[in-house]
Amino acid sequence: MECETAGDPISGLKWTHRTTEKVAQELRRLGIEVCRNTVGRLLKRIGFSLRVNHKKLSRRCSRGDRDAQFRKIRRMRSKFSRLGDPVIAVDTKKKELVGPFKNAGTAWNRNAVLVNDHDFRSMAEGIAIPYGIYDVGANRGFVCVGTSHDTPEFAADSVAIWWRNEGRHRYDGAQRLLILADGGGGNGFRCHAWKLGVQEKLCDRYGLTVTVSHYPPGASKWNPVDHRLFSEISKNWAGRPLDSYEAVLKYIRTTKTTTGLRVRAAFVPKQYRRGTPVPKEQIDGVNLRRHPSMPDWNYTIRPRKM
């Protein structure tokens, strides 16, 4: 097993990609009769264990930038909350096939719900693309369910729908908004179309000054929309097939927690096109000011003088 053995030089743990059955077969060739269960017990006794891969390596940004950005986000959240200005976290949840498809999890039923034996896109009524807006201070969620593509225009439209239907009523008279977003996707920090959408659909239309802070690449699990909104929606529809758009909206709208979370949802049937280029003159026309620290991840967009 020498050539099939790996280990951790610090903890002393070792592992091998050979199965216990293959190890037992090799031992039999040497005249040692042993079963695979005994091999497993002996491996544990000499420091081997079953291991899984851990997603902990990050090479996209230095640890210093990463930690500094987390500290900046914490300061920004505190500042906006102290002044009574809204703070929202945004992201797109995993796309869901709409139809009688298996949904992970379990649910109390008298009989098992029968679903398709294969999850082919061609068998679906469509796809549901939930874009979530989580109001950090109010503990309220708002989800726009799209039907075509996860694009920057869809992301900006979703935030504008939230502001029009909920945000401006809850924060009457507010002129500033803080958006916490992931580093990629439709609201990624490199996406010009996202910044243009924020300019046109929020800043110019409603007179808002919008500050955006992005989580470092690979750090989306710390985005509040994921662990305070999306996780609760997943629990609510666990084990239940999402067989129609009405069902998707119902499960989102009935998501609630004992700590006060309540969620609203809006259906967005608009068809969005991917890869639409943004002309340079429009990019240059965005009234954007980058912050001195981590300017790629932190910027403020103000209304343009009309």
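- Under a cut-off of 6.0 angstrom, the local environment of CD1 in I32 is crowded, with over 12 non-hydrogen atoms contributed by other residues, nucleotides or ligands.
- Atom CG of D85 is separated from atom CG of L177 by 8.5 Å, given to the nearest 0.5 angstrom.
- Atom CD of E21 has more than 12 heavy atoms from other residues, nucleotides or ligands within 6.0 Å.
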Walk me through whether T254 and N236 qualify under side chain to side chain donor-acceptor pair (under 3.5 Å).
CA-CA 8 Å; T254 56; N236 196 41; 3.0 Å; yes
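- Within a 6.0 Å sphere centred on CZ of R274, heavy atoms belonging to other residues, nucleotides or ligands number 12 at most.
- A salt bridge is absent between K102 and D119; no separation between the charged side-chain nitrogens and carboxylate oxygens falls under 4.0 Å.
- One side chain, Y171 or D135, offers a donor N or O that lies under 3.5 Å from an acceptor on the other.
- By the 4.0 Å N-to-carboxylate-O rule, K221 lies too far from D226 to be salt-bridged with it.
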Between Y215 and W222, is the ring-ring contact (aromatic ring centres under 6.0 Å, His included) condition met? List the steps.
CA-CA 8 Å; Y215 284 91; W222 280 276; 8.4 Å; no
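- At least one donor-acceptor pair under 3.5 Å links the side chain of H214 to the backbone N or O of D182.
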Determine, step by step, whether E125 and Y245 satisfy the side-chain contact (heavy atoms from CB on, under 4.5 Å) criterion, reporting the C-alpha distance in whole Å, the side-chain angles of both residues, the deciding distance to 0.1 Å, and the verdict.
CA-CA 9 Å; E125 176 185 339; Y245 284 107; 3.5 Å; yes
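- Inspection of the K93 and S234 side chains reveals an N or O donor paired with an N or O acceptor under 3.5 Å.
- Distance check, rounded to the nearest 0.5 Å: CG of L249 to CZ of R253 gives 4.5 Å.
- With hydrogens and angles ignored, the 3.5 Å screen pairs a side-chain donor or acceptor of R140 with a backbone N or O of G260.
- The shortest heavy-atom contact between L178 and S213 is CD1-OG, 4.2 Å.
- With salt bridges taken as basic N to acidic carboxylate O contacts below 4.0 Å, none links R168 and D172.
- Judged by distance alone, with hydrogens and angles left aside, the side-chain atoms of Q175 form no donor-acceptor pair with the main-chain N or O of G173 at under 3.5 Å.
- With F80 as the aromatic partner, R176 meets the cation-pi criteria of under 6.0 angstrom to the ring centre and within 45 degrees of the ring axis.
- A continuous path of ILVMFWY side-chain contacts below 4.5 Å connects L202 to L288, so both sit in one hydrophobic cluster.
- Side-chain atoms of N223 come within 3.5 Å of backbone atoms of V90 as a donor-acceptor pair (strictly under, hydrogens ignored).
- Taking the centre and axis of the six-membered ring of Y299, the NZ or CZ atom of K195 falls inside the cone set by 45° and 6.0 Å.
- Under 3.5 Å, the side chains of Y134 and D91 contain no donor-acceptor pair of N or O atoms.
- Between D204 and Q199, the side chains place a donor N or O and an acceptor N or O closer than 3.5 Å (distance only, hydrogens not considered).
- Taking a cutoff of 4.0 Å between a charged side-chain nitrogen and a carboxylate oxygen, R264 and E166 qualify as a salt bridge.
- To the nearest 0.5 angstrom, W162 atom CH2 is 8.0 Å from I133 atom CD1.
- Considering CD of Q282 and CG of L196, their distance stands at 5.5 Å, rounded to 0.5 Å.
- Note: F154 and Y131 have perpendicular aromatic rings, judged against thresholds of 30 and 60 degrees for the angle between ring planes.
- Shortest non-hydrogen contact noted between P217 and F189 is CG-CE2, 4.5 Å.
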Name each donor-acceptor pair under 3.5 Å that joins a side chain in residues 33-42 to protein atoms two or more places apart or in another chain, with its distance.
unit_1, atom_1, unit_2, atom_2, d
T38, OG1, R41, NH2, 3.2

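- By the 4.0 Å N-to-carboxylate-O rule, E153 lies too far from R273 to be salt-bridged with it.
- Taking 4.0 Å as the cut-off between side-chain N and carboxylate O, R28 and E26 do not count as a salt-bridged pair.
- The one candidate from K72, H291, R289, Q69 that meets the side-chain hydrogen bond (donor to acceptor under 3.5 Å, both in side chains) condition with N298 is Q69.
- The local environment of NZ in K270 is crowded, with over 12 non-hydrogen atoms from other residues, nucleotides or ligands closer than 6.0 Å.
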